[in-house]
Visitor: 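What follows is a single structure, and I will ask about it in a moment.
For the single chain, residues carry numbers from 1 onward in sequence order.
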Amino acid sequence: MADVLAYLPYVVPALADKDQGADGHLAALETLCVALPYAYPDLLITVDKVDCFVTRLPALVSASGADQGNMAVLAAQAIAGVVEQLPEWAESFEKNGAVQALRDRMLAVDNMELAEKCLLALKLICEECPHQCLRHGVAAAVLQFFDFFPTNEQKVALKIVAEIVEECDEADVPKAMEAAPALCNLLQSSDNTIQKSALSCLCMIASNAHGKAEHMDMLCELKVVDTAMRMLEKDGWKTIGDENLTGILGLLKNISSASAKAVKSLFDLGVCDLLKQMITYYSSSQSNSDKLQMLVELINQLMRPLETSDALKNAIVEQNPYLDQLSSIVTLLIQVAKCGALSSVCYTCIVLIGNIVEVSTPAFLIELQKTANLSSFLMCLLARKKRHVVFETLKVSKSLLKKQHQFFFESFDKEGVKHAIDAIQAQEKDRNSNHKLKMKNKMQEHCVCFNLDSDASSTDRCKIENNAILNLAEEIKKSFSVVKASNKSPYRLGCFTTFVKGYFAKLNGHTTTTPTQNLDRCRELSEVSRRLLSDKLPSTSTFVFAKSGSAKDLSDYLCNMAYLKPNLNNRQYLLERAKEVQCRLQKFAHLALEMSNESSVKPLEILVEKLLDSLHMSYESFPVILSHHKQSTRESTMIPLRYSGIEDSESLHIKFVKARREKELQGYGGVLPIPISSKPDAIEADLWPNICSARNRQGSSRLMFSYKGIQLKSSATIFESLVRLMNEGKSDITLDQSFWKEVHRISYKRNKSKKISTLSSSDARLSAVHEKLEQSLLKGPFFSAMFLGKLPGDVDESDPSYNLLFTLKILEGLNRFSYQLSMDEKIRLFAESCLRDLDDIKVTISPIPQHQFTSILLTSKLELQMQESLFEVGLVPSWCVYLVETCPFLFSFNARWKYFCLTLHRSFMGDDTSDPDSPNEEDEASDASNEAANKTKKYKVTRGNILESAISMMAKHGSSTKTIEVAFEGEAGTGRGPTIEFYSTVSHELQRFGLGMWRGDNARKAEGETGFVHSSFGLFPQPWSSEVTSSRGIEFSDVVQKFKLLGHIVARAVLDGRILDISLSKAFYKIILGQELDIYDIPSFDPELGKTVVEFQALVKRKKFLESSSETTSYPSADLSYKNVRLEDLCLDFTLPGNPEYELVPGGSDKMVTLDSLEEYVYLIVDATLKSGIAKQIEAFKSAFNEVFALKTLRMFNEEEMERILCGEHDAWASSKLADHIEFDHGYDAHSPPVVNFLEILREFGREEQRAFIQFSTGAPTLPLGGLASLNPKLTVVRKQCDGCVDGELPSVNTCRHFIKLPPYSSKEIMREKLKYALAEGLGSFHLS
């Protein structure tokens, strides 16, 4: 190469000498192009006549003629080589016409090689001279023949455009706009990279145009809006990727901000319907708050041209289709604001609604009030007491009154807006009179006035300084004096309150009334209930409902007038009261869950909605506390954390000082750093030895802590108590760095109260009463709350949310146990002969969907709180803990699952000790730098001896907090796939016949039936008599051991995010969740036995009723027959039905069931089936589970949710969405013929084939939580490299990475045949990995 470089000094003169001729110049260029890659900048600079480079090379590029083609190619290549070595020469080349020369030769398209060399040279010059290149028209030029370039050169062209339009001056925007038509066409490219680059370029052009209407109109005329909308429609916004979605929304926002044409086009294209879909989708999770903010900003830009263009305004507000879309936008904004956990979101929404109100006609606003209830929404925002939100809400209220005074005055009166404005006026006056309070509020609230104004300066004054809110409130209040609402209006607070109290008075009087006693009174009760629950309640405002005390009245009625005043001293009284409360629940369940003929909505749905809306008015009771740390985005399908992700957690610096009048204790010197998760009890243990002499160290709850004279709650962390007291009245609290640096003073004194903090005597009495109750619902948490007349735990009964939470808890329990309540009522009616036949004992009501008890607002608040990076180490407000434990139904399943994953590490039971010499355990820590390995336990198992291997593994590592990974002896697979296969296989093996674990195991297998126990209603433990240690060759001790293994497997599956292939019954899940079972649970897993036992129970109740009747001392035998057959004729003995070896009493096979012994028979069947017969199995399961983590932590979930957690999503995939969740790579894209065939085959699969495919590709037959979309990594199809005949190859899979290696088969039929063969062959081994 030294020889080549030696020629370099002679090349330059040859190029400079015009007399050399074409051949000489060509030779010189060839030498130069060979030498440049090996040259270095200093050498080039020392060459004589170097200036000829920047003058001669552009001229040689421009040289024309048939014989000049190669010279132009070499000249362009030389320019690129020189600029790459000496970027500072790019400007000299540009000044000497290189850019124009390269541009023109590229556009001439003499040959493709020349065009590519010109493109490369332009790229290098553009990097140094972007503005000059833009002015020379390079942006449009490089896209002129874009389709003729190979893919790599296409991407180079787009990089050039991006480089030169990124920061173009306003004067250069017209030149940048020349590239817009080509860029718009590229938005339709099937290549995601090209599409993304073109979109990015258009976004930069639109942004640099600074809202110039002529440029935005031009983009609109180029159909940018139409193309963008096509990319988003038909759920395209879900699949184009976050980066593209952000780009499109940003592009539409910029165009809409200045182009009335664009806004009209968007309305014509149905943008509001699209926004509605997107907002509904993204508002369900706080992790999508950034996308929600973009959508709201787009809506803001849509409104701007309406304010400035009268023609557009008239066109929109005078046409019904557009009006419907405007109404839809308001409804969306209300939805976003209602579920917005941060006040900044509410502020943005109310500002936008105000903009719409300003451009709307009175007639439109009246219709909007009827459909979206603007007034109720305004009341909701005023109740949040955030000053910026209040100010904008008052402005909207003023505008509405100005548009249609009479109508909105009455609406404001009904919905409580008038009442709220009166309260705001009084508060503002009080604030002005209290200088300290005024300064406190002024300092605390961050200004958000200019959140939507991109042109605003950080120095702009806040709009609500001085008396802005007070002045506005007084101005509105003055307008109220113009007109008065009708005193006879049916929604007046007094009218509704009187009606509610009268209704509950009637309910109290009718509680014990039966249809046979007074049919007219029962009809009257139903009519009054219909009028209240179905007629009055829907039309009653949330404000009137909340202020009327209806929630408290309902709770008092259902608690038998014992709400907040429990009396648990007399056990007999409690038993009688239980029957009374149960009767009231049954009455109200019937009234609340039965639909009237005129309505398709059940009264309970309306009532729950009112209660939730009222609860949301107590916004400040549930503050979100955020630190200065960066927020974390966490997926809802995550697996539980093993430890805190933050090693150096923040600590509070507390100076504990002795209270002034404390005489017995000593002072504590110094500052004590405490974790943010510490509660007063934990701190007391550290303080007590240092501040108290030995003789005084007696008693419990020894210390009381206070901050500025206010006692700290024992149920809250010291951190939370401090934050809430320092930010009193705030619902959004963000802590800056100074909070952590400050030393906080907390006083302590001795607690001389004699109250004991152990189980209270009332709880003990309640437990004693539970033992006397038969039905499980009477022992449930919601019924216990009714007995106590209060919510469990240390909560403030004076808080406005308390009555609402209590009532919601009772109604949720009533809804969940509606079947049991109704069945018990039907049995009572049968006993009293109101129902003649046993077949009439049927439930005619059904519960409302569980999701209707979910609070969107509280879910959003919890989601936002969980994004706090310190959440997992203790920054968890007490309301989060309390509501998740006490009222989990208020939160969505995804939110609760995320909460469980982030907090479970506090409930771990085991450690990481294990036998290091175990032959089956791999040395996962051999590489000390491998962090992932240090968090994993690896174990080898034998497929042919899977259960024994599983028992051994769980004995060694079951309680480890590390993730367990499994490999099969003699098989190639390792990692995620084999581990998932292991859990699936073990759970399947535990269902084999002959293990004695499950009901139905003692039944004979039908010919051809597989060797597994199956029940369409789910598996439930097989009862074993305490007198029997073995049966049919099965040892009971082995059965117990298998249940212990099941407990370990289930716990580890939850902890490690594995999927089990086992169908457990709803009743078994109830046991896992700590719920008691009763007779009404038997039909859920054995309908035939359950129906018979319930009917026998009905006969027992009828017999008891007839015996206790004062009207007769005898009873006709026909009344007590079982379906017209004497009970004695049924020839039943005292053995467990379906299991004759299980004797219910000693000698039970010889003891026949009679009418007199029927009650004992029913009791023993229920006991054997649900209690004593399965007690040891359940105890083994629970004890094993608790070795891993506390089973009680799962009680925030219900039975259906537990099945999803353990067994994954049973709906494999929606055919229409299949392509959205599968990626294609390494030789394939979405349009490759083999991929098209592959997707068609998958869509044609039946249920069992889908299970086989999922098993083949992931290792488990079902998908994890979230379905196909939640697979991590994504399911990816890649092209399989085949050595021989493609059609002879089989598909293979990498289950750890979810890679399907698919050969490019010659036909769809061959692909289907090979795929089905692989699914069958690949099950049970990893040889196709």
Visitor: Just how far is it from atom CG of L902 to atom CD of Q865, taken to the nearest 0.5 Å?
Guide: 11.0 Å
Visitor: Tell me whether R896 contacts the main-chain N or O of V884 through its side chain, where contact means a donor paired with an acceptor under 3.5 Å.
Guide: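 A pair under 3.5 Å: no.
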Visitor: With heavy-atom distances below 4.5 Å as the criterion, would you say the side chains of T393 and F377 are in contact?
Guide: no
Visitor: Hey, could you give me the CZ/CD1 distance between F853 and I848, rounded to the nearest 0.5 Å?
Guide: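 CD1 of I848 is found 4.0 Å from CZ of F853.
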Visitor: What heavy-atom pair brings S256 and L302 nearest, and what distance separates the two atoms?
Guide: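 Scanning both residues completely, I find the closest heavy atoms to be OG-CD2, 3.8 Å.
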Visitor: Report the relative orientation of the aromatic rings in H419 and F543; use parallel for angles under 30°, tilted for 30 to 60°, perpendicular for over 60°.
Guide: tilted
Visitor: Can you check whether S892's main-chain N or O pairs, donor with acceptor, with T854's side chain at less than 3.5 Å?
Guide: no
Visitor: At their closest point, which heavy atom of C220 faces which heavy atom of S265, and how far apart are they?
Guide: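 So the two residues come closest at SG-OG, 3.7 Å.
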Visitor: What I want to check is whether the side chains of E297 and Q301 have a donor and an acceptor closer together than 3.5 Å.
Guide: no
Visitor: K610: what forms a salt bridge (Lys or Arg N to Asp or Glu O under 4.0 Å) with it, not counting sequence neighbours?
Guide: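 If we apply the salt bridge (Lys or Arg N to Asp or Glu O under 4.0 Å) test to K610, skipping adjacent residues, there are no hits.
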Visitor: Give the minimum heavy-atom separation between L333 and C349, together with the two atoms involved.
Guide: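 Between these two residues, the closest heavy atoms are O-SG, 3.6 Å.
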Visitor: In Å, rounded to the nearest 0.5 Å, how long is the span from CD of Q852 to CG of L604?
Guide: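 These two atoms lie 8.0 Å from each other.
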Visitor: Please step through side chain to side chain contact (heavy atoms under 4.5 Å, CB included) for the pair I334 and I353, ending with a clear verdict.
Guide: CA-CA 8 Å; I334 289 175; I353 289 174; 4.0 Å; yes
Visitor: When you measure from the side chain of S360 to the backbone N and O of L365, does any donor-acceptor pair fall under 3.5 Å?
Guide: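 Not a single qualifying donor-acceptor pair exists.
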Visitor: Excluding sequence neighbours, so at least two apart, what forms side-chain hydrogen bond (donor to acceptor under 3.5 Å, both in side chains) with D217?
Guide: S259
Visitor: Is a side-chain N or O of S399 found less than 3.5 angstrom from the main chain of K395, in a donor-acceptor match?
Guide: yes
Visitor: Do M231 and L187 have side chains that approach each other closer than 4.5 Å (heavy atoms only, starting at C-beta)?
Guide: yes
Visitor: Quick check: do E367 and S327 have side-chain heavy atoms less than 4.5 Å from each other?
Guide: no
Visitor: For M204, is there any backbone N or O sitting under 3.5 Å from a side-chain donor or acceptor partner on N208?
Guide: yes
Visitor: Kindly write out the residues that satisfy side-chain contact (heavy atoms from CB on, under 4.5 Å) with A383, not counting sequence neighbours, or none if the list is empty.
Guide: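 Once residues adjacent in sequence are excluded, the partners of A383 under the side-chain contact (heavy atoms from CB on, under 4.5 Å) criterion are M617.
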Visitor: Report the C-alpha distance between L890 and L805 in whole Å, list the side-chain angles of each, state the deciding distance to 0.1 Å, and finish with yes or no for side chain to side chain contact (heavy atoms under 4.5 Å, CB included).
Guide: CA-CA 9 Å; L890 290 172; L805 289 172; 3.7 Å; yes
Visitor: Under 4.5 Å between any side-chain heavy atoms of Q335 and L332, yes or no?
Guide: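 Yes, close enough: below the 4.5 Å cut-off.
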Visitor: Where is the tightest heavy-atom contact between L615 and L858, given as atom of each residue plus distance?
Guide: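 Closest approach of L615 to L858, heavy atoms only: CD2-CD1, 3.8 Å.
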Visitor: Look at E1201 together with R1204 and state whether they make a salt bridge at an N to O cut-off of under 4.0 Å.
Guide: no
Visitor: Return yes when atom CG of L222 has more than 12 non-hydrogen atoms of other residues, nucleotides or ligands closer than 6.0 Å, and no otherwise.
Guide: yes
Visitor: Residues in side-chain hydrogen bond (donor to acceptor under 3.5 Å, both in side chains) with T542, at least two apart?
Guide: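 Counting only residues at least two positions away or on another chain, T542 forms no side-chain hydrogen bond (donor to acceptor under 3.5 Å, both in side chains).
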Visitor: Measuring from L382:CG to K418:NZ, what's the distance to the nearest 0.5 Å?
Guide: 14.0 Å
Visitor: Please enumerate all residues that pass side-chain hydrogen bond (donor to acceptor under 3.5 Å, both in side chains) together with S621, with sequence neighbours excluded.
Guide: D799
Visitor: Listed by chain and number, what are the side-chain contact (heavy atoms from CB on, under 4.5 Å) partners of T246, not counting sequence neighbours?
Guide: M294
Visitor: S855: which residues meet the side-chain hydrogen bond (donor to acceptor under 3.5 Å, both in side chains) condition with it, sequence neighbours left out?
Guide: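 With sequence neighbours excluded, S855 shows a side-chain hydrogen bond (donor to acceptor under 3.5 Å, both in side chains) to H616, given in chain and number order.
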Visitor: Can you check side chain to side chain contact (heavy atoms under 4.5 Å, CB included) on I248 and W237, steps first, answer last?
Guide: CA-CA 9 Å; I248 291 175; W237 51 275; over 6 Å; no
Visitor: Any heavy-atom pair between the side chains of L252 and V224 that's under 4.5 Å?
Guide: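 No; the side chains remain at least 4.5 Å from each other.
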Visitor: What's the shortest heavy-atom distance between E392 and I350, and which atoms?
Guide: CB-CG2, 3.6 Å
Visitor: Do F622 and L862 come within less than 4.5 Å of each other through their side chains, counting heavy atoms only?
Guide: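 With C-beta onward as the side chain, the pair stays apart.
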Visitor: Say you draw a straight line from OG1 of T227 to CG of L183; how long is it, rounded to the nearest 0.5 Å?
Guide: 11.5 Å
Visitor: Looking only at heavy atoms, what is the nearest atom pair of F391 and L472, with distance?
Guide: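 In this case the closest contact between F391 and L472 is O-CD2, 3.7 Å.
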Visitor: Can a side-chain donor-acceptor contact be found between E1200 and Q850 if the only test is distance below 3.5 angstrom?
Guide: no
Visitor: Taking only residues two or more places apart in sequence, or in another chain, which ones meet E605 in a salt bridge (Lys or Arg N to Asp or Glu O under 4.0 Å)?
Guide: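 For E605 there are no salt bridge (Lys or Arg N to Asp or Glu O under 4.0 Å) partners, ignoring immediate neighbours.
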Visitor: Go through K370 and I366 one step at a time and tell me if the side chain to side chain contact (heavy atoms under 4.5 Å, CB included) criterion holds.
Guide: CA-CA 7 Å; K370 294 176 182 178; I366 290 173; 3.9 Å; yes
Visitor: So, R230 and E233, do they make that salt bridge, N to O below 4.0 Å?
Guide: no
Visitor: What is the distance from atom CG of L607 to atom CG of N815, rounded to the nearest 0.5 Å?
Guide: 11.0 Å
Visitor: Partners of E221 by salt bridge (Lys or Arg N to Asp or Glu O under 4.0 Å), sequence neighbours excluded?
Guide: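 Partners of E221 by the salt bridge (Lys or Arg N to Asp or Glu O under 4.0 Å) criterion, ordered by chain and then number, come out as K261.
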Visitor: Contact between L245 and M278 at the side-chain level, heavy atoms closer than 4.5 Å - yes or no?
Guide: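 A side-chain contact under 4.5 Å exists here.
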Visitor: Determine, for Y281 and K276, whether the Lys NZ or Arg CZ falls below 6.0 Å from the six-membered ring centre while staying within 45 degrees of the axis.
Guide: no
Visitor: Would you please name every residue forming a salt bridge (Lys or Arg N to Asp or Glu O under 4.0 Å) with K398, sequence neighbours left out?
Guide: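 Result, salt bridge (Lys or Arg N to Asp or Glu O under 4.0 Å) vs K398: E475.
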Visitor: Who passes side-chain contact (heavy atoms from CB on, under 4.5 Å) against Q369, sequence neighbours left out?
Guide: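 Only N373, L374, S375, F407, F408, S411 meet the side-chain contact (heavy atoms from CB on, under 4.5 Å) criterion with Q369.
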Visitor: Assess the residue pair E863 and Q867 against the criterion (side-chain hydrogen bond (donor to acceptor under 3.5 Å, both in side chains)); give the C-alpha distance rounded to whole Å, side-chain angles, the decisive distance to 0.1 Å, and a yes or no.
Guide: CA-CA 7 Å; E863 288 270 15; Q867 287 185 27; 5.5 Å; no
Visitor: Would you indicate whether the side-chain heavy atoms of I279 and I299 approach each other to under 4.5 Å?
Guide: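 Sidechains of I279 and I299: in contact.
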Visitor: Mind checking side-chain contact (heavy atoms from CB on, under 4.5 Å) for D273 and listing every partner two or more places apart, or none if nothing turns up?
Guide: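 Partners of D273 under the side-chain contact (heavy atoms from CB on, under 4.5 Å) test: none.
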Visitor: Side chain of H215, backbone of I255: donor and acceptor closer than 3.5 Å?
Guide: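 A pair under 3.5 Å: no.
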